[in-house]
Amino acid sequence: MDWIAQSPVLLVAALAVFVPGTVALWLIGLRGLALLATAPLLTVAMSGASAVLFGFVGIPWNLASWAIPMIVLAFIVWTIGRVLTLRQRHEPATLRRWVLPSMILIGVVISLWRLSSYISDPAGISQTNDAVFHMNAVRFILETADASSLHVSAVVGGGSFYPAAWHALSSLVVMATGSSIPIAANMLTLVIGGIVWPLGITWLTRALTGSDAVAGFAAILSSSLQTFPLLMFQWGVLFPNALSTAMIPAGVALMFTQWGRHGEEARWRTVLRTGLLGLVVVAALSLSQPAALLPWAAIVLVWLSARLIQNPPGGSRLRSWLLVVGLWALLAAVWIFLSRGTSGSHWPPFRGKLEVFLDVLLNGQLRIPFAFGVSVLMLIGLVVSWRSPRLRWFVFAWLGVSALYVLVAAVGAPLVRENILGAWYSDPYRLAALAPITAIPLAAVGFNALLDLGRAMIRRRSGHSAQRATDTVVLGVAILTLFMITLVIVRPVAMPAFLEGTFDRESRYIAVEDSYLSPDERELLEALPDLVEPGARVLGNPSAGSGFGYMLSGVDVYPRTWSKPRSESWEVLAERLRDGANDPSVCAALDAYSDPGYVLDFGLGEQAPGRFTMPGMTDFAGQPGFQKVAEVGDASLWRITACAR
């Protein structure tokens with residue numbers, strides 16, 4: 001019932017993601033699956049770019065200011081389409097019109113079911129480090145009316161570029177519905193993983209194979225692998241990565257379906273059209289998470305290289321090879337630039353050489369239990385694709401995506417981890433999430449091949465005429481749907497801790513007394529506006545959950561991120577704040593942080609990756625210089641009087 005009650009918020013989130021892009025692309029002739037799958041790319045590109053422009057000129061970010069450029073940009077897109085005749089040539093349907101939409105609907109429902117089952121509570125908060133920053137950034141946008149990717153890092157005192165498309169969209173959902181930030185984030189999660197991803201992977205498969213049946217099988221299988229979309233909402237939590245990865249399939253399909261539509265006599269239109277659409281994809285991925293540009297560009301280049309080599313323009317094979325080498329060299333330069341532009345490699349290799357190949361072949365990345373059913377279909381799909389001139393290039397795309405995981409899991413050379421894997425911080429979770437982009441279409445190809453084989457065997461043995469194609473597909477839909485229902489019900493989806501070789505006991509969205517943010521701590525944080533005066537600063541140990549305070553209350557709870565400040569003054573507070581009445585260095589340290597008047601006692605904290613113990617920020621009872629203001633269970637708020645002036 002809680003999820004049903006939040007369905008209006010889910011609807012608003014879906015409309016925000018799909019409507020602007022759908023309207024603009026419809027005006028230039030896109031229809032059907034291509035229209036729906038591509039719409040989020042254009043919406044994200046337009047929204048993110050508008051937010052940057054508004055931040056630059058000082059226009060407040062709100063629903064009205066967001067809607068105006070969406071309308072203007074739709075008109076611009078329509079004008080470009082009229083002038084350049086950038087219109088889609090519709091692919092003929094290979095099944096009855098209702099079959100593919102029904103298969104997509106099944107895939108969407110199963111994806112939504114799997115994600116909502118993991119999240120459990122529509123108002124739940126991911127008990128992870130990155131969730132602190134992402135949700136506080138949404139609060140920052142709501143309070144400053146600035147969603148620019150150039151400014152959002154100011155929430156933690158930064159001043160550099162940070163991709164904020166996800167945060168901008170989340171803030172719009174909050175503004176439009178009045179819901180809390182956690183609810184808006186969870187509904188957007190369902191839209192990204194449960195709608196954007198299935199549509200994108202379906203269209204990629206449709207564009208790849210030309211078959212509605214294979215595309216529909218991909219839709220049903222879209223959430224069959226834990227590595228995406230589920231893993232991105234377990235680990236991190238990586239909201240921006242999830243948004244960018246979900247858009248990669250549609251971004252790939254958009255490129256190779258638009259090439260060569262108007263024939264040789266209109267090649268300039270082809271290049272111009274593809275270039276403009278490529279800019280849309282680049283903008284969308286850059287403003288959501290730039291690392292996604294690399295696999296997107298690499299997969300597109302694999303396809304383009306195969307096309308140029310097989311069909312040299314002007315008949316010149318040498319020119320084709322020079323162009324292919326030049327494009328790959330350009331991608332290599334961009335790849336190294338993005339990799340070197342991050343904070344570097346953060347994670348070590350953890351898997352043996354033989355083990356990592358089994359991980360790839362059986363889709364058991366990060367020690368996730370092998371996905372035997374989907375993997376068998378994928379391996380069959382690899383064989384079928386290799387034997388098909390139309391699909392052979394996609395085998396190389398799968399090899400490339402798989403190679404990234406092999407490198408991050410088993411190769412420790414600094415040259416590799418910093419120059420090839422640095423864009424993902426050498427994080428195996430982020431790279432494992434790329435695997436379904438190629439694995440799911442291949443599994444759909446494999447399943448379709450098995451269906452065709454079974455159909456042929458029955459025909460040979462019975463001597464009857466072939467079964468109708470639609471009837472065979474309906475049988476396949478029934479088999480895959482039963483498979484997916486069994487998978488969701490029976491197969492565990494625990495998040496793997498790859499270094500420790502363990503798995504989470506439960507969903508990271510479930511809050512209990514020993515959680516990062518316990519129910520008592522959340523209740524106290526939500527009550528802060530009634531407990532402190534406006535403008536007051538409240539200190540807390542972010543490793544004990546206080547980092548969520550700004551998001552939940554709007555009060556200046558410091559720090560606003562999961563990590564502790566790197567300064568001598570903070571170390572003094574972390575170790576000796578409770579002794580402030582007798583230690584003059586504490587008052588000097590408090591002054592360095594704007595003389596906060598309150599401190600939260602959420603316990604000692606913990607020793608874990610990205611977490612810290614702070615003995616100076618707990619056990620204030622009986623200490624001179626501190627007065628208890630409020631208490632909920634073991635969580636308490638204290639007024640700091642030790643340094644009263």
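One is the number of the first residue; the rest follow in order along the sequence.
A donor-acceptor pair under 3.5 Å is absent between the side-chain atoms of Thr274 and the main chain of Met255, judged by distance alone.
The ring of Trp303 has its center no closer than 6.0 angstrom to the ring center of Phe396.
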Quiz item: Is there a side-chain contact (heavy atoms from CB on, under 4.5 Å) between Phe18 and Thr43 once you walk through the steps?
Solution: CA-CA 7 Å; Phe18 281 93; Thr43 297; 6.0 Å; no
Quiz item: Could you walk me through whether Phe370 and Ser375 pass the side-chain contact (heavy atoms from CB on, under 4.5 Å) check?
Solution: CA-CA 8 Å; Phe370 291 140; Ser375 299; over 6 Å; no
Exercise. Step by step, work out the side-chain contact (heavy atoms from CB on, under 4.5 Å) result for Met70 and Ser47.
Key: CA-CA 8 Å; Met70 297 302 104; Ser47 299; 4.1 Å; yes
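The side-chain heavy atoms of Arg417 and Pro349, taken from C-beta on, include a pair separated by under 4.5 Å. Leu221 is listed as a side-chain neighbour of Phe483, based on a closest heavy-atom distance under 4.5 Å. Within the 4.5 Å cutoff, the side chain of Leu434 has heavy atoms near those of the Leu431 side chain. Contact of the Phe256 side chain with the Leu204 side chain is registered, since non-hydrogen atoms from C-beta on lie closer than 4.5 Å.
Aromatic ring pairs are classed by plane angle as parallel below 30°, tilted from 30° to 60° and perpendicular above 60°; the pair Trp235 and Phe498 is perpendicular.
Of all heavy-atom pairs spanning Val44 and Ala165, the tightest one is CG1-CB, 3.7 Å.
Atom-to-atom distance recorded for Met247:CE and Leu41:CG is 5.5 Å, nearest 0.5 angstrom.
Inspection of the Ser111 and Trp197 side chains reveals no N or O donor paired with an N or O acceptor under 3.5 Å.
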